[in-house]
Amino acid sequence: MIELLKILSTLAVPLVILIIVGVGAFKKVKVYEEFVEGAKEGFTTAVRIIPYLVAMLCAIGMFRASGAMDFLTSALSPITGAIGIPSEVFPLAVIRNLSGSGSLGLMTDLAKTYGADSFIGRLSAIMMGSHETTFYVLAVYFGSVGVKKARHAPLSGIFADIISVIVSVILARAMFL
Amino acid sequence: MLNWIWLGLIIIAIAVATGRDISELSQDRFRNGKALPLTVLATKQVSPDHYSSEVILLRSDLTTFYDPSDIRTLHSDTLHLTVEQTYAGVASFALPSDALKVWQDMAAAQGDEKRVTGIAHNSQTPGALLFTPDPVKFRVLAKVANDGLLKSADTAVTIILGLIGVMALWLGIMKIAEAAGLITLLAKLAKPLMVRLFPEVPPEHPAMGAMLSNMAANFLGLSNAATPLGLKAMEELNKLNPNAGTATNAMCMFLTINTSAITLIPATVIAIRLSLGSKNPSEIIIPTFIATIIALICGVMFNKFIQRFFPIKEAND
């Protein structure tokens with residue numbers, strides 16, 4: 001199983017590129033010229049996102065450096081306890097929306113401290129596997145087209161995140177506890 | 001909405017940092033200006049201006065000196081330290097392995113995470129050394145400013161610089177796929193679903209194909225391809241946007257789908273579990289998949305439901 005998955009994830013990128021370029025060549029597309037034409041947009045798009053990403057990462061960075069996380073954890077502990085999230089895992093449920101590298105570090109740390117096959121280790125792995133750094137996506141995607149009024153997107157993104165945390169906990173308790 | 005989130009993060013950060021700093025100052029957690037008595041075992045002169053002393057510190061001295069909650073991490077009864085003294089009593093010691101939390105915080109605030117610096121002067125008792133650590137004040141606020149603000153601004157640009165090459169690569173590949181008709185094919189296959197999710201987008205519009213290729217990249221775990229393709233999709237969606245600067249319903253739906261993060265194989269997590277000695281690292285695939293599917297369905301329904309409460313004209317945050 002593991003071997004198969006490893007092979008699959010190693011081969012995904014080369015296969016996708018091979019199929020696309022292969023079909024392109026078969027259909028007599030000028031592959032090189034088309035590639036360069038598309039690639040030109042890479043730089044401008046990336047540079048256009050900088051201000052939005054700086055704004056978002058700075059706010060998140062300040063929040064994390066201040067240690068507000070500990071306060072949030074203890075303030076929300078009655079709620080998280082009620083839905084069965086161990087208090088050790090709760091910071092991960094919040095951080096995973098804010099910072100990809102931060103949550104990866106936290107998940108590794110939890111698995112190391114409590115054991116990869118402990119309940120906490122498994123739950124944090126499920127949470128990490130189903131995570132998306134919502135705020136990064138919001139800043140980058142909206143930033144690239146200059147959207148400043150995000151309307152209901154943050155709310156429904158956060159809603160989806162909360163649902164995924166709750167489902168992760170329910171499944172982990174059912175399967176591993 | 002983003003305004004409130006942004007403001008909220010910053011205000012909470014500053015409020016918490018100020019609160020912690022004031023509490024540390026009022027309790028004098030770092031015992032600013034007070035001297036720790038050290039017992040010198042041996043001193044050797046390294047250079048004319050540099051003395052290196054082996055000293056010991058008793059647990060009982062520390063418990064009377066610092067707050068009990070700061071001593072909790074200390075396991076041994078005596079601490080052996082090497083104090084390096086240079087000109088005019090400027091001294092420092094490297095943090096021992098089971099360092100006190102208060103020393104770790106002190107060292108980080110003083111600038112070198114592994115050393116505590118201060119002033120050493122000889123005591124009237126022979127063989128004793130008095131060590132006064134440099135005072136630490138408003139360390140949390142300073143950390144928020146340095147680690148939080150300045151480093152993050154730097155990180156943002158590093159991320160973007162790393163993104164440029166990958167962006168160019170995948171946008172180039174995407175262009176080939178477009179010219180080869182693969183994107184149109186994909187869009188045709190998924191049309192029944194896409195028309196329901198994005199009723200405002202014409203079924204044949206290039207935005208559909210771009211969004212689908214982003215979703216496919218996410219699903220296959222090609223995370224560095226997903227961002228460029230997603231941005232391409234946003235650009236196409238923005239062409240249909242009559243109010244520049246305000247998100248359309250389709251954009252919000254697209255982002256909701258993106259944040260629920262459906263992945264076939266969470267490769268990074270499995271790799272970490274494998275490296276930490278899990279007996280069955282891939283056992284989390286199925287629960288992860290179910291969690292993301294349910295999050296996706298709930299997110300999409302919630303999004304459809306609340307979009308009416310955020311009309312475009314009155315959207316002012």
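In what follows, chains are A, B, ... by sequence order, proteins preceding strands, each numbered from 1.
- Using a 4.5 Å heavy-atom cutoff, the side chains of B:I5 and A:P154 are in contact.
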- [ ] Let me see the working for B:I12 and A:F71 under side chain to side chain contact (heavy atoms under 4.5 Å, CB included), right down to the final yes or no.
- [x] CA-CA 10 Å; B:I12 292 172; A:F71 284 82; over 6 Å; no
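- In this structure the side chain of B:I159 reaches within 4.5 angstrom of the side chain of A:L57, judged on heavy atoms.
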Open item on the list: The test is side chain to side chain contact (heavy atoms under 4.5 Å, CB included); show your working for B:F309 and A:L155 and say whether it passes.
Closed with: CA-CA 12 Å; B:F309 303 112; A:L155 204 60; over 6 Å; no
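- Looking at B:L276, the atoms closer than 4.5 Å to chain A (heavy atoms on both sides) sit in the backbone and in the side chain alike.
- The closest donor-acceptor contact from the side chain of B:W6 to the backbone of A:A59 lies at 3.5 Å or more, if one exists at all.
- Only the side chain of A:M107 comes within contact range of chain B, with heavy atoms under 4.5 Å apart.
- In this structure, A:F63 and B:V144 have side chains that are not in contact, with every pair of non-hydrogen atoms separated by 4.5 Å or more.
- With contacts defined as side-chain heavy-atom distances shorter than 4.5 Å, the pair A:K40/B:L171 does not qualify.
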TODO: Begin from the C-alpha positions of B:I312 and A:R151 and carry the test side chain to side chain contact (heavy atoms under 4.5 Å, CB included) through to its verdict.
DONE: CA-CA 8 Å; B:I312 289 173; A:R151 293 177 61 218; 3.5 Å; yes
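- Looking at B:T268, the atoms closer than 4.5 Å to chain A (heavy atoms on both sides) all sit in the side chain, from C-beta outward.
- Side-chain contact between B:M234 and A:F142 is present, with heavy atoms from C-beta onward closer than 4.5 Å.
- Contact count against chain B (heavy-atom pairs under 4.5 Å) is highest for A:S156 among A:S156, A:A68, A:A160, A:G42.
- A donor-acceptor pair is defined here as one N or O able to donate and one able to accept, closer than 3.5 Å; no such pair exists between the side chain of B:D147 and the backbone of A:G61.
- A salt bridge links A:E41 with B:K232: the distance from a Lys NZ or Arg NE/NH1/NH2 to an Asp or Glu carboxylate oxygen falls below 4.0 Å.
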